[in-house]
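Convention: sequence-line order gives letters A, B, ...; per-chain numbering from 1.
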There are 2 protein chains.
Amino acid sequence: MGVPTLEEVARAAGVSRATASRVVNGSPTVGIDVRQSVERAIAQLGYVPNRAARSLVTRRNDSVGVVIAEPTGRIFGDPFFLEVLRGISAALGSRQIQLVLVMSQSLDEERRAERYLTGGHVDGVILFSLHGDDPLPAHLQSHGIPVVVGGEPPRGARVSYVDNDNHGGAVAAVRHLIDQGRTQIATITGPWDMPAGVTRLLAYREALRAAGVAHDPDLEEGGGFTREGGRHAMEVLLGRCPDIDGVFAASDLMAAGALSTLHAAGRRVPEDVAVVGFDDSILALSTQPPLSSVRQSMEVMGRELVSVLLQAIDARDPLVRRVVLGTELIVRQSSGGPPTGKS
Amino acid sequence: MGVPTLEEVARAAGVSRATASRVVNGSPTVGIDVRQSVERAIAQLGYVPNRAARSLVTRRNDSVGVVIAEPTGRIFGDPFFLEVLRGISAALGSRQIQLVLVMSQSLDEERRAERYLTGGHVDGVILFSLHGDDPLPAHLQSHGIPVVVGGEPPRGARVSYVDNDNHGGAVAAVRHLIDQGRTQIATITGPWDMPAGVTRLLAYREALRAAGVAHDPDLEEGGGFTREGGRHAMEVLLGRCPDIDGVFAASDLMAAGALSTLHAAGRRVPEDVAVVGFDDSILALSTQPPLSSVRQSMEVMGRELVSVLLQAIDARDPLVRRVVLGTELIVRQSSGGPPTGKS
DNA sequence: CGCCGGTGTGAGAGCGCTCTCTTGACGAGG
DNA sequence: CCTCGTCAAGAGAGCGCTCTCACACCGGCG
């Protein structure tokens, strides 16, 4: 009848509730025989601790919030995010911590989410997809809630984060284009208020400079991290510099857009123009030709995010922790890789 | 100092804790002036009810579990799922119910998930991506936990579900191919243990029969809902029936695979072979040419799932509820739509 | 033989909330 | 004037758990 309580377990094992609790929580000061009889009672009754009662007294929730504040919808078009969630889920699950997903799309929802998060219902928060000067991390921190950001945090924010090596990945991509003998290398950039986009652009410039190529603003155009933006940026670039022979797009989605423009303009890829994207998302395999791209392991990112967050929670310190994950350039046909680029 | 409690609110407002509780929960038996002074105290102190304490006594959790049991990874390659989550999140958020995400990929994780869910930590469960004879829904129900399945449930299971009109969508797709004058229409099917795949296949057959076309098993090949499977299935089909001029793939991912085979085989799409997919996922726009597909609003599905689940929770009955959502055929270039298929 | 520290177990308070039961106030009816 | 019904507000128990403190027991030492 109903869910068994600790009390019932204790009675069945012939001990006090306190001792039963000790067994459940793995206290070392319990006699071996007593422990066993309690464990037997637990198994027999199918006892599961009541989280609510527990967190009422421990003031811990054993749950962390994962926030996707994305009114613009970028992240939704991008399957990479599910992988991060998977990594987070796996890491939390093995620690018996639950994952509370919070997606806010309107200002109204964001307000509600914030009230929820600051209401002490989670032990920590993982934040995604922050734009420019989002005050959310600072706000949560001021309430004493541990926070870690996935991706580069807003500039100047004193907050822990786990990020992919956007810089290294972008440099590798551009250097690869240079190595292919391309000399007119353009870039399609992300929005200016997203740190990842800015970092990739700066890395593009740096890689060119390192190769002794002069910086040409005409070779840079924004694509807003959308397919349509990539398509349009490529048109603009082609109009300004018809002899472009290499393109580094700061996301696969934009690269896919660029590809369709190039196709429409009669440019062959990679013969006339080599293209490299970023993210190595599922898209990279379905473009024609398959897209070279910078791969980042999103599942690893998820695990790292959890690891950093739990450190912060356990340590109870306001330390800022940073983790940068390596990236890898995957060369496919769009930049001269072998014709059959199977997964 | 710390999070304010109801007690403190009551003291600040000069009332008893019971009355403060009444105000918080919107009881009508509170005088207007008392109510206002309590509300003022709440606002001033920034009071947020403690969920743990509340659910300890109400025996409600105000949270529902969303389970993705997907060892095979199909769902992860598919961005459609984030949209469903968005719909679920929005619907739950407006009701102050939290979304606990449970992703189990190994048997071990699944066991843990099941223990968690049956431990009374959630008021209800939304299940996804079930295979053939998954016992999870029945098992949860036997513990008295309301369950609703996203997509078609295992055959024979007595469980509520919300599904897209796979049948209607597939029929529309095949009929469209017929209307285009195609006579050798093949299909690439999903796995046999996934109801959605089976339904789409049956609908394909029915649509052909309705058009007076004889059923030819040589025109059917499984693609396992993966890109590689689609690629391979198309090779097999082409080997068996070289004069295929239409293909209905039961998912966009498989359609994308089929497209690359057709491309490699020198078939023009749509001139030689018209192709239609299913899901209208983000992929459909990035293939060359853009893919005709059957659209289903995943966000609506999410909202409906929540609506059905909350009904079941509130009603406390074991009624089986079914909702089928309409689909829409989106015609793009791959089956003869206009050349520039913008979003 | 008494005292000590260590070790295993029990008793009981209390976390913040809801909800039933009781009390108090007030106006209407006898 | 007293009684009764009605309605707003308070008192208090108790949800299932953790954790501090008290206690009993035991071996070793002076």
Side-chain angles (χ1 to χ4, degrees), chain A residues 1-42 45-63 96 98 116 118-123, chain B residues 1-42 45-63 96 98 116 118-123:
Chain A
M1 53 141 300
V3 184
T5 71
L6 231 209
E7 182 74 53
E8 299 175 77
V9 170
R11 206 179 313 137
V15 300
S16 75
R17 197 177 58 241
T19 299
S21 172
R22 278 188 267 263
V23 172
V24 170
N25 296 299
S27 158
T29 80
V30 178
I32 180 74
D33 43 350
V34 174
R35 149 162 290 123
Q36 281 177 352
S37 81
V38 172
E39 276 166 354
R40 213 172 312 123
I42 288 175
L45 295 174
Y47 170 75
V48 181
N50 181 319
R51 269 181 119 90
R54 175 179 286 179
S55 71
L56 182 56
V57 32
T58 59
R59 275 123 191 312
R60 271 265 239 158
N61 300 87
D62 290 325
S63 70
Q96 309 262 52
Q98 61 180 242
Y116 173 74
T118 57
H121 298 308
V122 293
D123 297 329
Chain B
M1 51 143 300
V3 184
T5 70
L6 230 208
E7 182 74 53
E8 300 176 81
V9 169
R11 207 179 313 137
V15 300
S16 75
R17 197 176 58 241
T19 300
S21 172
R22 278 188 265 262
V23 171
V24 170
N25 296 298
S27 157
T29 80
V30 177
I32 181 75
D33 42 349
V34 174
R35 149 163 289 123
Q36 281 177 352
S37 79
V38 172
E39 276 165 354
R40 214 173 309 123
I42 288 175
L45 295 174
Y47 170 75
V48 181
N50 181 321
R51 268 182 120 90
R54 175 179 286 179
S55 70
L56 183 57
V57 31
T58 58
R59 272 122 195 313
R60 273 264 251 167
N61 301 85
D62 291 325
S63 71
Q96 310 261 53
Q98 60 179 242
Y116 173 75
T118 57
H121 298 307
V122 293
D123 297 329

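- Atom-to-atom, CZ of A/R60 to C1' of C/dG16 comes out at 19 Å; the value is rounded to the nearest Å.
- Counting only heavy atoms from C-beta outward, the side chains of A/V122 and A/N61 never approach each other to under 4.5 Å.
- The shortest distance between the side-chain N/O atoms of A/S16 and the OP1/OP2 oxygens of C/dG10 is below 4.0 Å.
- Set against C/dC19, C/dC15, D/dT18, the side chain of A/R59 has C/dC15 as its closest nucleotide.
- Note: B/R11 CZ to B/S16 OG = 12.5 Å, rounded to the nearest 0.5 Å.
- In this structure, B/N50 places its CG atom 6 Å from C1' of C/dG16, rounding to the nearest Å.
- Counting to the nearest Å, the P atom of C/dT9 and the CZ atom of A/R35 are 10 Å from each other.
- We find the OG-NE2 distance between A/S63 and B/H121 to be 12.0 Å, quoted to the nearest 0.5 Å.
- Atom CZ of A/R35 sits about 8.5 Å away from atom OG1 of A/T29, to the nearest 0.5 Å.
- In this structure, the nucleotide among D/dC17, C/dG12, D/dA11 sitting nearest to the side chain of A/A18 is C/dG12.
- At least one side-chain heavy atom of B/L6 sits under 4.5 Å from a side-chain heavy atom of B/S21.
- Side-chain proximity of B/T5 to D/dC19, D/dG16, C/dG16: nearest is C/dG16.
- In this structure, B/Q36 atom CD and D/dA9 atom P are separated by 12 Å, rounded to whole Å.
- Along DNA chain C, the nucleotide nearest to A/I32 and the one nearest to A/R17 differ in position, and the one closer to the 5' end is contacted by A/I32.
- Interface residues of residues 21-29 of chain A facing DNA chain C, ordered by number: A/R22, A/T29; criterion, heavy-atom separation under 4.0 Å.
- Regarding A/I42, its CD1 atom lies at a distance of 10 Å from the P atom of D/dC17, rounded to whole Å.
- In this entry the distance linking CD of B/E7 with C1' of C/dG16 reads 9 Å, nearest Å.
- Spacing between atom CG of B/D62 and atom P of C/dG16 amounts to 19 Å, rounded to whole angstrom units.
- Residue B/V57 has its side chain nearest to D/dC15 when only D/dC19, D/dC15, D/dG10 are considered.
- Atoms CG (A/L6) and C1' (D/dT18) sit 9 Å apart, rounded to a whole Å.
- A/V34 has its side chain out of reach of A/R22: every pair of non-hydrogen atoms, C-beta onward, lies at least 4.5 Å apart.
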Side chain to side chain contact (heavy atoms under 4.5 Å, CB included) between A/V3 and A/N50: does it pass, once the steps are laid out? CA-CA 9 Å; A/V3 184; A/N50 181 319; over 6 Å; no
